[in-house]
Amino acid sequence: MSRDFAGRVVLITGSGNGIGRATALALAARGATVGVNDLKPEFVEKVVHEIDDAGGTAIGLVENVSTRDGMRRTVLGLAERAGRLDVMVNNAAWVRYQAIPDVAPETLDRMLDIGFKAVVWGIQAAAEAMDPERGGVIVNLASVAGIVSQPNSIVYSGIKAGIMGITRAAAVELGGRKIRVNAVAPGAVPTEGTQRNRNVERDARRVARTPLGRLGTVDDIGHAALYFASKEAGYVTGQVLSVNGGLNMVG
């Protein structure tokens, strides 16, 4: 696939590190103007510099996208500065794994705000910003946890299963406006943000259960998002692509 994104404007929430950063770098390398969003200014600045140093174009957007107003400022602000919005990647998340008796209201609220509500607000704002004639693309980050689950993940699994439902519903509703909506469902991917939930023994068990025999990488997921955003996926909408080495097939 050519994946030529020259002239297109992309926003990636939570792109200060991890999967979001990898997706931002990949899209910028293919000619897109990339809106880099994170709550931490130093993360945004670092990724913007990486893109600039590689000859790409990036716009830094330090904003809390877990609120409707914050998301609208981010999305519509980028569209105004760049002149358009073509691709929206809803990547931002905040995760805590807890047993059912230990789930606290503040944990549930924060995970829902960043991992679920922000996707709804992102779709809403992106649909407003995208040109009705050109249409656009929305890519949501789900997870294998929305398909097969494990202990201590009642909130996370519920949110990610919900993202798949949001994706299908938005694809149906926005198809008439030429907006395609799809989701990527990663498996275990080591990132800065997942370090607290990982250990050597758990990783070894995951590798042993995965048909391809390894953990995923941020680039594996970024490339899947690239496909959905590309012109080659122009007739693909409402789909969830599992990128987890086959883990969803063995449970």
Side-chain angles (χ1 to χ4, degrees), residues 5 7-21 23-24 27-28 32-45 47-48 51 57-95 108-142 159-160 162-184 225 228-229 237:
F5 288 87
R8 299 173 73 189
V9 177
V10 180
L11 172 61
I12 307 168
T13 65
S15 48
N17 57 36
I19 292 169
R21 171 183 169 274
T23 306
L27 281 160
T33 295
V34 179
V36 178
N37 161 256
D38 202 279
L39 194 56
K40 296 183 177 181
E42 63 273 23
F43 286 6
V44 171
E45 183 177 354
V47 177
V48 168
I51 291 173
T57 303
I59 296 174
L61 302 156
V62 179
E63 186 64 74
N64 180 359
V65 295
S66 69
T67 68
R68 185 175 187 263
D69 288 344
M71 182 63 82
R72 283 179 60 80
R73 282 193 298 270
T74 304
V75 174
L76 301 182
L78 174 63
E80 182 177 356
R81 291 170 65 181
R84 58 191 285 170
L85 178 69
D86 300 288
V87 180
M88 171 79 176
V89 181
N90 286 303
N91 168 74
W94 185 83
V95 182
L108 177 60
D109 288 344
R110 188 173 182 187
M111 287 183 67
L112 285 170
D113 284 346
I114 302 174
F116 187 85
K117 293 181 185 179
V119 178
V120 175
W121 304 142
I123 293 170
Q124 185 183 69
E128 180 180 346
M130 289 173 177
D131 184 272
E133 295 300 320
R134 285 194 304 265
V137 179
I138 298 171
V139 182
N140 302 322
L141 265 292
I159 287 171
K160 292 306 184 180
I163 296 304
M164 297 179 190
I166 286 174
T167 298
R168 290 187 286 267
V172 171
E173 187 167 342
L174 297 177
R177 291 196 49 202
K178 303 178 185 177
I179 298 174
R180 299 187 292 105
V181 188
N182 293 288
V184 180
F228 278 140
T237 194

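Numbers here are sequence positions counted from 1. Here the structure is a predicted model, which is why all the values come from computation and not from measurement. Every heavy atom of this structure was used, including side-chain atoms; hydrogens, water molecules and symmetry mates were not.
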*Which atom names give the shortest non-hydrogen contact between I179 and A127, and what distance separates them?*
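Nearest pair, atom of I179 first, then A127: CD1-CA, 3.9 Å.
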Spacing of [X] atom [atom1] and [Y] atom [atom2] [to the nearest 0.5 Å]:
X	Y	atom1	atom2	value
E133	R177	CD	CZ	10.0 Å
L61	T13	CG	OG1	11.0 Å
N182	R168	CG	CZ	11.5 Å
M88	L11	CE	CG	4.5 Å
T33	R8	OG1	CZ	11.5 Å
L39	E63	CG	CD	8.5 Å

Testing the 3.5 Å rule here: is there a donor-acceptor pair between the side chains of [X] and [Y]?
X	Y	answer
N64	S66	yes
Q124	R72	no
N37	S15	no

*What pairs with R180 under salt bridge (charged side-chain N to carboxylate O under 4.0 Å, His left out), at least two apart in sequence or on another chain?*
none
*Which of these, I138, V120, V139, sits in a side-chain contact (heavy atoms from CB on, under 4.5 Å) with N90?*
I138
*asked:* Is there a side-chain contact (heavy atoms from CB on, under 4.5 Å) between V48 and I59? Walk through the geometry before answering.
replied: CA-CA 7 Å; V48 168; I59 296 174; over 6 Å; no
_Please determine whether side-chain contact (heavy atoms from CB on, under 4.5 Å) holds for the pair V75 and L85, giving the CA-CA distance in whole Å, both sets of side-chain angles, and the decisive distance to 0.1 Å._
CA-CA 8 Å; V75 174; L85 178 69; 3.7 Å; yes
*May I ask you to say whether D86 pairs ionically with R134, meaning some side-chain N is under 4.0 Å from a carboxylate O?*
yes
*E173: side chain to side chain donor-acceptor pair (under 3.5 Å) partners, not counting sequence neighbours*: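 Residues passing side chain to side chain donor-acceptor pair (under 3.5 Å) with E173: none at all.
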*asked:* Would I114 and R110 count as a side-chain contact (heavy atoms from CB on, under 4.5 Å) here? Give the steps.
replied: CA-CA 6 Å; I114 302 174; R110 188 173 182 187; 3.9 Å; yes
*Can you sort out the partners of A32 under side-chain contact (heavy atoms from CB on, under 4.5 Å), two or more places apart, ordered by chain and number?*
F5, V10, L27, V34
